[in-house]
Each structure stands twice: as structure tokens, then as C-alpha cells.
Amino acid sequence: MKKIIFTSFLFLLHLHSNAQFNFSVGKTFYALKAPGFQTFFRTYDSAFVADIKTPFKSDFPTATGWSIKGGYVINKHDDGGVGFFYNSVTGVNVLKTKNEAVFLNDESRKTELHILDWNTDVALGVGGDNFHIAIIGSFLGHFNKLFCSYVYHDGSESFGPEKTLNGIFTANRLMAGYGAEVGVGIKYVQLVFKMQKIYKPFNKDGSTYLSFYSDLAGYKADAGSNGASSYPTEFIPANYGQFLADQLTSEINNNIIYISDRGWQYGLSLMFIIPGKD
Amino acid sequence: MKKIISGVTVLVLAILFFSCNKEDHNSKKLCRGEGRWTVDFATNEIYDSTGKVIWDTTVNNVGELVLFRTGSLEALYGYRQAVFLVTDTAGTHAYPLEYVFDGKRITLKYCIAPYDINGTYSSAIDKKNEQQWEIYGSNGNTSAVTSLTGKFIMHLTRSK
């Protein structure tokens with residue numbers, strides 16, 4: 001029912017406003033810094049220093065992906081002149097990045113971070129027939145998923161319980177961003193370059209419910225309830241050395257990773273403006 | 001005319017945005033259709049320290065796995081109901097079980113069929129009409145660097 005109401009709202013808004021509908025598709029880059037994972041990568045490399053051929057990079061490399069967005073643009077100006085520009089879009093960014101440590105026996109620990117951002121951007125600035133420049137602010141529903149696997153020498157990628165860290169760990173959080181965008185093109189098609197800083201808008205130390213990486217797969221709960229001293233972990237530890245020393249109290253000691261990534265997001269997209277009222 | 005085109009575009013995009021069923025997103029390939037899968041073969045391999053196969057055995061036509069979308073008693077963890085059909089000289093026997101699939105892992109449990117298929121598998125092939133699930137064995141500590149010592153492979157194709 002909510003979907004129907006929202007769709008109807010969009011449709012009616014479109015019919016009864018001077019705004020023009022637009023949608024855009026493009027490439028997105030996210031130069032992220034993830035302090036929790038930095039600690040994990042460093043301590044993991046230290047724990048296996050004698051066995052590692054290629055250690056983890058100190059942080060995740062720049063995440064790359066695509067975006068698709070749609071919304072409304074108001075570009076009020078005289079012919080050939082410059083005027084008020086407003087753009088409000090909602091859509092998704094889908095991003096991926098990975099980091100891998102390779103051992104001397106050619107097996108590896110692989111961490112692949114998938115980021116899905118449901119975001120709403122509002123841009124405010126000036127524009128003309130063929131260009132616009134604006135500052136932007138946005139809110140992002142940040143849905144992260146860490147695929148943590150062990151790759152054997154024959155290329156088999158295991159997510160199974162035979163390795164403690166294997167799993168699919170998810171964490172969600174509301175994030176915010178601010179930045180600027182520039183668009184150039186012909187009247188109804190513009191090439192838009194956007195850059196914005198992504199940050200945590202409140203409770204910056206973390207500790208928000210469900211904002212830490214957890215894998216609550218049923219088989220892990222089953223294994224954990226039998227009192228074993230080592231079983232597939234439900235949480236990715238920040239400090240791997242501490243985790244190895246005592247897995248059972250690691251979580252209690254807050255040795256877990258919260259969503260803490262932040263950094264600059266860059267996007268290059270094509271914006272198509274669909275003419276509304278003449 | 002322009003208004004009609006843009007209005008239709010709004011509707012189409014809105015429908016596209018909201019038409020995905022989030023609940024079934026991960027198991028789209030596995031569960032699409034009727035969910036009947038033939039277990040063509042199951043292979044067990046043991047390796048030496050260099051990765052060479054030193055022992056293996058294969059069972060063909062293991063049975064048929066019928067996967068339902070209906071949640072099981074452990075639906076809290078995403079488990080759904082399934083039946084494993086095994087045919088022998090006495091006829092076809094049905095063994096109920098539970099399964100969960102999250103795109104990378106498949107867990108089967110509570111199956112009491114003569115051929116043990118319980119366990120948590122990694123998905124090696126995840127296609128609309130073909131699946132391959134694997135369980136890996138490694139020696140030593142679960143947190144240490146160890147070599148692959150064995151592999152159990154189950155290959156499935158969608159039943160016709």
C-alpha cells in the first residue's frame with residue numbers, strides 16, 4: 001500500500017508542478033577510510049606474519065560501482081541566461097571493493113565489501129541552458145555487506161564453517177554527505193561530475209544498534225550454543241590478535257567493527273531531463 | 001505529448017524501483033520456478049599435502065531435492081522447508097529437511113536420508129538451471145593457515 005501511495009504521490013507531483021523529471025546513470029567511486037577494518041587488517045597481518053606472502057593493504061582500496069537516480073529538477077532562467085537551479089534525486093549507488101592477504105601456500109583470506117547506498121540528494125545552485133553548478137547535501141541509507149572467505153590453492157572460495165572468519169557480515173547505518181556538482185551538456189542531457197564527503201552525522205563513535213558487522217546465520221548460532229571454544233564467528237573482530245587470544249569474550253569486550261567508513265565519493269553520470277510543462 | 005511521455009516514465013521508473021521482492025533477493029536463482037533439483041552426482045575427494053587427489057568416490061543419481069518457499073519452524077534464521085526424494089529398489093522415499101540459502105552458502109539440516117547431505121555448503125556454481133555446492137575440509141585449527149584436505153561436491157540440475 002505504501003508503494004502505491006508513494007508512486008501516486010510522485011505521479012501527481014509531476015503533473016502539478018513546474019519541475020521537470022530527470023534520471024541519471026553513471027559511474028561512482030568512493031575513496032573510503034574504514035578505521036575498524038584498518039585495525040583488523042593490521043592485526044591479522046601481525047598474527048600471521050610468518051605465513052603471509054602478500055599482506056592485506058592497510059585499508060580497502062577505492063570502491064567502484066554505478067549509480068542510478070531519478071527525481072525532479074527546476075532550472076529557472078531566461079533564454080541564454082543564468083538562473084536558479086534546484087535538483088532533488090533519489091536512487092542507489094552500488095559499490096564494491098576488496099582486500100586480500102595471500103599466504104605462503106598460495107591460499108588467501110579475502111574480504112570483499114559491498115556497499116549499497118539508498119540516497120536522496122538535494123542540489124541548490126545556478127544553471128543555464130547547457131550547464132549548472134550547485135552545492136549538494138544528501139542522506140544515505142548505508143547498507144554494507146562484507147563477504148569474508150577463504151580461498152584454497154585450487155581456487156575454491158569457501159564461506160563454510162571450517163574457517164572461523166568465514167561468513168557474510170552485514171551492517172546498516174544512516175550516513176550524510178555534502179559536496180558540489182557541475183553539469184555541462186545540451187539542454188536535456190548533461191554530463192554531471194559530483195563529489196561529496198560522506199560522514200556519520202551523529203553518534204560518531206559508533207555503538208548504534210545494528211551498525212556493527214554481524215552474521216547471524218543459523219548454523220553459526222547452532223555452533224556457538226554448544227560451548228565450543230572455537231566456532232564460526234558471528235562478528236568480525238577489530239583486533240584479530242585479541243580475538244585469537246579469547247574468542248568467547250571478544251564480543252563482550254566490544255572487539256567488533258562498527259560501520260565507520262567515510263571519505264570522498266566521486267560520480268560521473270549522464271543526466272537526462274524529461275521536459276515537463278512548456 | 002511531452003507530459004504524457006514524462007508521466008509514463010515516472011510510473012515505469014517507480015514500478016522498477018519498488019518491484020523487487022527483497023525477501024527472495026538472495027535466493028532468486030535457486031528458488032525461481034518450482035524448486036525441484038536433481039542431484040546428479042555427489043563426489044568426495046581427499047587430498048595430500050600438495051593438493052593432489054589421493055582418494056575419491058562418486059555417487060551418481062543421488063536423488064531429487066524439492067525446495068519449497070514455505071518457512072520452517074526455524075524461519076527466524078531464514079530456514080525453509082524441503083524434501084529429499086531417494087529412489088531405491090523398494091520405491092521412492094521422502095525425507096523432510098530444512099534449508100537456507102543466502103547467495104553464497106546453503107545449509108541443509110535435519111535430513112535423515114541414508115545418504116547424508118546435511119551441512120553448510122559454499123556455492124561454487126549458482127545458475128538458474130545448475131547448482132554446485134561444496135563443503136571443504138582442512139586440517140588443524142579453524143583460525144590457522146591450513147591446507148585443503150578434502151572436498152565434498154554436490155552437483156544439481158533443475159529437474160525437467
Side-chain angles (χ1 to χ4, degrees), chain A residues 2-4 6-8 10-11 13-15 20-21 23 47-48 50-52 68 70 90-92 103-105 107 109 147 149-150 152-154 156-168 215-222 230-233 240 243-244 247 272 274-278, chain B residues 1-3 5-19 26 45 47 49-51 53 72 74-79 98 100 102-109 118-124 133-153:
Chain A
K2 272 188 243 173
K3 294 175 187 175
I4 294 169
F6 189 73
T7 306
S8 307
L10 278 179
F11 187 66
L13 182 66
H14 172 78
L15 290 182
Q20 294 171 303
F21 179 72
F23 67 94
F48 292 114
D51 301 308
I52 281 189
I68 179 165
T90 297
V92 292
F103 301 109
L104 291 171
N105 63 359
E107 297 182 350
R109 166 61 61 191
F147 293 85
S149 59
Y150 193 87
Y152 290 104
H153 58 79
D154 68 348
S156 302
E157 185 176 9
S158 175
F159 288 90
E162 84 279 5
K163 294 288 182 188
T164 308
L165 287 182
N166 286 357
I168 302 170
D215 177 8
L216 302 179
Y219 76 89
K220 291 194 169 184
D222 293 345
S230 180
Y231 52 87
T233 180
Y240 189 68
F243 173 80
L244 278 182
Q247 182 183 339
F272 301 91
I274 296 167
K277 289 182 176 178
D278 293 324
Chain B
M1 186 61 186
K2 285 177 181 174
K3 190 191 287 183
I5 292 171
S6 57
V8 169
T9 310
V10 170
L11 279 176
V12 169
L13 282 173
I15 290 165
L16 282 176
F17 265 125
F18 296 107
S19 62
N26 285 327
E45 296 176 344
Y47 308 107
S49 59
T50 63
V53 178
S72 72
E74 294 188 61
L76 178 66
Y77 288 114
Y79 282 99
E98 296 184 4
V100 62
D102 62 10
K104 296 285 186 185
R105 299 170 295 188
I106 306 96
T107 297
L108 307 177
K109 66 179 190 177
N118 293 319
T120 296
Y121 299 77
S122 297
S123 174
W133 304 343
E134 299 180 349
I135 293 178
Y136 309 103
S138 63
N139 51 7
N141 192 303
T142 55
S143 299
V145 180
T146 53
S147 295
L148 187 64
T149 55
K151 192 191 287 188
F152 177 70
I153 302 165

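What you see below is based on every heavy atom in this structure, not just the backbone, and it leaves out hydrogens, waters and symmetry mates. A note on names: the letters A, B, ... follow the listed sequences, proteins ahead of strands, and every chain is numbered from 1.
Residues satisfying the side-chain hydrogen bond (donor to acceptor under 3.5 Å, both in side chains) criterion with Lys104(B), sequence neighbours excluded, are absent altogether. When the ring pair (Phe, Tyr, Trp, His ring centres under 6.0 Å) test is applied to Tyr136(B), the partners found at least two apart in sequence or on another chain are Tyr152(A).
Using a 4.5 Å cut-off on side-chain heavy atoms (C-beta onward), Glu162(A) and Thr149(B) make no contact. For the pair Asp154(A) and Lys151(B), the minimum side-chain heavy-atom distance is below 4.5 Å.
Only the side chain of Tyr79(B) has a heavy atom closer than 4.5 Å to any heavy atom of chain A. Only the side chain of Thr107(B) comes within less than 4.5 Å of a heavy atom of chain A; its backbone N, CA, C and O stay farther away.
Across all their heavy atoms, Leu148(B) and His153(A) have their closest contact at CB-NE2, 4.1 Å. Annotation for Gly160(A) and Ser122(B): closest pair N-OG, 3.4 Å, computed over non-hydrogen atoms. Nearest heavy atoms, Ala217(A) versus Arg105(B): CB-NH2, 3.8 Å.
Atom OG of Ser156(A) and atom CD of Glu134(B) lie 5.0 Å apart (nearest 0.5 Å). To the nearest 0.5 Å, atom CG of residue Asn166(A) and atom OG1 of residue Thr120(B) are 11.0 Å apart.
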